[in-house]
Amino acid sequence: MYAIIETGGKQYRVKEGDLLRVEKLPAEVGETVVLDKVLALKDEEGLRVGKPYLPEVKVIGKVEAQGKGEKIIVFKYKPKKNYRRKQGHRQLFTALRIEKIERG
């Protein structure tokens with residue numbers, strides 16, 4: 001059984017027990033998070049697709065970590081004009097352990 005969820009403007013295919021890195025969520029480490037934007041659910045009954053979401057399905061996850069991703073370098077450059085800008089960026093993330101997919 002798996003579900004396709006939406007969080008942080010991105011879509012993820014999850015099943016129970018998965019460890020998932022999503023955009024930062026406002027939750028502490030150890031808290032339970034309910035993700036209710038479920039786009040599709042595949043189980044023994046078949047595939048159910050929402051319009052756009054399935055209102056009776058929820059995905060429950062536990063926050064395992066809050067952190068920053070790898071550093072990327074943003075470098076802007078214009079040839080022959082002596083214009084250079086170097087900037088680093090580390091995206092914030094939340095690591096979720098998917099505990100249960102609840103169906104209604």
Side-chain angles (χ1 to χ4, degrees):
M1 176 171 65
Y2 68 87
I4 298 175
I5 62 170
E6 179 183 323
T7 180
K10 299 175 181 72
Q11 296 176 4
Y12 302 94
R13 180 184 187 266
V14 297
K15 61 182 191 284
E16 291 181 6
D18 280 356
L19 183 62
L20 188 66
R21 275 181 142 189
V22 298
E23 296 291 320
K24 184 165 173 28
L25 296 173
E28 297 294 322
V29 175
E31 279 188 40
T32 301
V33 176
V34 177
L35 303 167
D36 56 354
K37 291 186 175 181
V38 179
L39 299 164
L41 176 70
K42 171 77 165 83
D43 55 6
E44 58 275 351
E45 299 170 11
L47 179 67
R48 287 189 280 168
V49 180
K51 298 178 187 175
Y53 305 116
L54 293 168
E56 68 277 0
V57 180
K58 291 179 177 33
V59 174
I60 297 173
K62 186 176 181 182
V63 177
E64 297 228 333
Q66 298 277 16
K68 290 183 176 183
E70 292 293 314
K71 179 176 265 194
I72 63 165
I73 303 299
V74 181
F75 190 73
K76 297 180 180 180
Y77 169 80
K78 302 243 186 257
K80 299 181 205 154
K81 300 297 179 195
N82 197 23
Y83 175 82
R84 294 176 184 88
R85 300 289 181 268
K86 182 177 179 181
Q87 182 180 13
H89 175 76
R90 293 181 71 189
Q91 185 66 34
L92 300 174
F93 71 87
T94 300
L96 287 177
R97 174 79 59 190
I98 304 301
E99 292 183 332
K100 188 178 356 175
I101 299 174
E102 287 186 352
R103 338 170 238 199

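Between the side chain of Arg21 and the backbone N or O of Ala95, no donor-acceptor pair lies under 3.5 Å. Counting only distance, with no hydrogens or angles, the side chain of Gln66 and the backbone of Ala27 share a donor-acceptor pair below 3.5 Å.
Applying the salt bridge (charged side-chain N to carboxylate O under 4.0 Å, His left out) criterion to Lys15, with sequence neighbours excluded, gives Asp18.
To the nearest 0.5 angstrom, Arg85 atom CZ is 10.5 Å from Lys78 atom NZ. Taken to the nearest 0.5 Å, the OH atom of Tyr2 stands 5.5 Å off from the CG atom of Leu47. The distance from atom OH of Tyr12 to atom OG1 of Thr7, rounded to the nearest 0.5 Å, is 7.0 Å. Atoms CD and NZ, from Gln87 and Lys76 in turn, are 7.0 Å apart once rounded to the nearest 0.5 Å. Within the model, atoms CD1 of Ile60 and CD of Glu16 stand 9.5 Å from one another, a figure rounded to the nearest 0.5 Å. A distance of 11.0 Å separates CE in Met1 from NZ in Lys42, rounded to the nearest 0.5 Å.
Criterion: ILVMFWY side-chain heavy atoms under 4.5 Å apart, direct or through other members. Under it, Tyr53 and Val14 are not part of a common hydrophobic cluster. In terms of hydrophobic clustering, with Ile, Leu, Val, Met, Phe, Trp and Tyr side chains grouped at heavy-atom distances under 4.5 Å, Leu54 and Val33 are assigned to a common cluster.
Contact record, Arg97 with Leu19: NH1-CB, 3.7 Å, taken as the closest heavy-atom pair. Of all heavy-atom pairs between Glu64 and Val29, the closest is O-CG1, 3.6 Å. Of all non-hydrogen atoms in Ile101 and Leu41, the two that sit nearest each other are CG2-CD1, 3.8 Å. Closest approach of Val63 to Glu28, counting heavy atoms only: CB-O, 3.4 Å.
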Exercise for the section: Output, in order, the C-alpha distance, side-chain angles, deciding distance and verdict of side chain to side chain contact (heavy atoms under 4.5 Å, CB included) for Leu96 and Leu35. Expected result: CA-CA 11 Å; Leu96 287 177; Leu35 303 167; 4.0 Å; yes

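Salt-bridge formation is detected for the pair Glu44/Arg103: a Lys NZ or Arg NE/NH1/NH2 atom is positioned less than 4.0 Å from an Asp or Glu carboxylate oxygen.
Applying side-chain contact (heavy atoms from CB on, under 4.5 Å) to Val59 and the options Leu20, Ile4, Val38, Val34 leaves one that passes, Val38.
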